[in-house]
Amino acid sequence: MISEIDGVRILTHNSCEFIQRVPDSLYDVFNFGSIHPGAILMECHEQLMESKSMSIKPLRNMNQKQLINAVKTCLEASGHEIDTAQQSKLLNAVALGKKMPKCIKFPHNDFYDMIKNLRVLNAIREPSIGIPLTITQYKEYFTPNLLVDRLTARYEHRLAIEICKYLNINNNNVVLHWACAKVCSNLSNEVIVESIKEKVGDRSDISFAIIAMTAFRSGKNELARILLEFEKNPTEKVSVLLTMGETKLAMEVAECAMDTDLLYMVIIQLMNSVDEEVFFEYLSDSEQGSKLFEHYVTQTATEREKLRKLYSKQQRSVEEYKLFFMESFVEDDVEHRIEKIKQGGKLIKYVKGGYNHPKDVDIAQKNITLLRYQVDMDKIVNQTFFYGLSLADTISYAITQEKSTELMKCVESMIEELEVDPKRYWFIRCKVYAKNKQWNALEELSKEEDEPLIGFVPFAEYCIESGELEEAQKYIERVKDTEAKVLLYLATKNYGESINIAFSEKSKYLLNIIYSTTTNLTIRKEIENRIDLLS
């Protein structure tokens, strides 16, 4: 015995019986001698069917409330009725009552909803289906979607699809379940594919990848490959191909889809699932895949050893050298770092075909020299400070510590050995002094030679950048180039000097430049007068 919301279900070896209290609506309609409006409506309908005169007179004598109550009672009774013949009689009685003018306010949708519910319930109550639900159970426990799922799980696909069409429910899950069941059958691959194509067609909302995966798990690899050809979503297609072990085909699909993330997924899957040799073969066959793998290693700083082996296998010495060089920057130990640079230098010295790369070899050697000097300088300051810096930063920070004679000697030796451009050294010193507001040191630097190697313009510019316009004035006066001098005076907002210089040089071009940089009417008027004098 199983308790239900509206009764008790009794299961035996041979039958399933249901016992319930007779619903009030059925009792009111069919009770012997009942004078309920529903019973009267049912009796009028039966007399009308027997063509008896005055059969609907009792209905006309009912008031609106009684007539609507009669229709509702018969409609509810039809839902509780199991016998289909009695259902029809009750529904016809409801139809009769609905036609009466006094019943115009009755909700007609209730009538059509009840017809739909009864058609569904009668279909699943068939012995071949065996789901004898009452209308109360259907409304309280079930929804149409849940019923469809129950039928699908019992492989009643035909009925489930018919109910979906009738109730206007999406039948994707039913068709997908049917297709998955189809691929597990003993039919030939050709028959299965044709059957699925006919049923599914061009529907994009049904995944052929899931159907193909079901075929693969059933041991039908060839059928799975055929079905995957109909899958339009490349992500799902690639995922199934990787599960099937069809990595080469998965890479081809990812490349055709022009989806970088998808190709990354294939590469990482390959990297973790196949031998290095096989992995390198796949990358050799895929130019796009090879480039993405290189980018992946560069960005994530992982699998560098594997990338180096790939370069070695493809005889790409230049790229292998660059990888060694890049790795050297993440080494904390100086000897390890130098060793990495040396290994790269050996590779780049002679590449395939005997082509020499002296510039790259020289860069590698200079990096080693710089590292050694940085180690020596760290020893002088007794802390790890210079190691790993660029050449310019190394010189800059050393200048800030220039009171250390030993440190400066080391810097001068480094500059000489690395053949640093003298102009570059001047620029670095000039910038450091201005940035640190060491104005005396900056002035001494400007007087080291009659004419600084870089001229006086950088001195003035670095002073202006530091916000010291008075200091900048010293060096602007010593600038020989007229245009540069005018522009520097403009940078310090000294319009008077810039106008005088431009006028003394009789340059309308410079006066126009000054005119375009100001909105001050007095200054503009002065410039206009000067231009008129030159005309």
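All values reported here derive from a predicted model rather than from experimental measurement. Scope of the values below: all heavy atoms of this structure, side chains included, with no hydrogens, waters or symmetry mates.
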Query raised in the report: Is there side-chain contact between Ile135 and Asp6, with heavy atoms separated by less than 4.5 Å?
Result: no
Query raised in the report: Got a second to check how far Met213's CE is from Met244's CE, nearest 0.5 Å?
Result: 8.0 Å
Requested in this report: Please confirm whether the backbone N or O of Val174 pairs with a side-chain atom of Asn171, one donor and one acceptor, at under 3.5 Å?
Outcome: no
Query raised in the report: Can you name the side chain to side chain contact (heavy atoms under 4.5 Å, CB included) partners of Asn186, sequence neighbours left out?
Result: none
Query raised in the report: Backbone N or O of Val148 within a donor-acceptor pair of the Thr152 side chain at under 3.5 Å?
Result: yes
Requested in this report: Report the C-alpha separation of Glu162 and Lys165 in whole Å, then their side-chain angles, then the decisive distance to 0.1 Å, and conclude whether the salt bridge (charged side-chain N to carboxylate O under 4.0 Å, His left out) test is met.
Outcome: CA-CA 5 Å; Glu162 288 178 358; Lys165 289 180 180 178; over 6 Å; no
Report summary line: Scanning both residues in full, the closest heavy-atom pair of Ile464 with Ala491 reads CD1-CB, 3.9 Å
Query raised in the report: Roughly how far, to the nearest 0.5 Å, is the CG atom of Leu41 from the NZ atom of Lys98?
Result: 11.5 Å
Query - Side-chain H-bond candidate by donor/acceptor type, Asp28 with Thr73, under 3.5 Å - result: no
Query raised in the report: For atom NZ of Lys199, is the number of surrounding heavy atoms from other residues, nucleotides or ligands below 6.0 Å larger than 12?
Result: no
Report task. May I ask you to test the Leu187-Lys182 pair for a side-chain heavy-atom distance under 4.5 Å? Result -> yes
Query raised in the report: What residues, two or more places apart in sequence or in another chain, satisfy side-chain hydrogen bond (donor to acceptor under 3.5 Å, both in side chains) together with Ser396?
Result: none
Query raised in the report: Considering residues, nucleotides and ligands other than Tyr155, do more than 12 of their heavy atoms fall under 6.0 Å from its OH?
Result: no
Query - Inter-residue atom distance Leu146.CG - Tyr141.OH, 0.5 Å rounding - result: 12.5 Å
Query - Considering all heavy atoms, the nearest His45-Leu96 contact - result: CA-CD2, 3.8 Å
Report summary line: Leu176 and Ser207 have their tightest heavy-atom pair at CD1-O, 3.6 Å
Requested in this report: Report the residue from Ile192, Ile210, Ile211 that forms a side-chain contact (heavy atoms from CB on, under 4.5 Å) with Leu227.
Outcome: Ile211
Query - CE on Met62 to CD1 on Ile68, rounded to 0.5 Å - result: 12.0 Å
**Report entry** Gap between atom OH of Tyr27 and atom NE2 of His36 - 0.5 Å precision
**Finding:** 11.5 Å
Query raised in the report: Do Ser78 and Leu118 come close enough that some side-chain heavy atom pair is under 4.5 Å?
Result: yes
**Report entry** Gln20 side, atom CD; Thr136 side, atom OG1 - distance, nearest 0.5 Å
**Finding:** 7.0 Å
Query raised in the report: Backbone N or O of Glu81 within a donor-acceptor pair of the Gln87 side chain at under 3.5 Å?
Result: yes
Query - More than 12 heavy atoms of other groups within 6.0 Å of Lys116 NZ - result: no
Query raised in the report: Counting only heavy atoms not in Ile82, do more than 12 fall under 6.0 Å of its CD1?
Result: yes
Query raised in the report: Would you say Asp149 has more than 12 foreign heavy atoms packed within less than 6.0 Å of its CG?
Result: yes
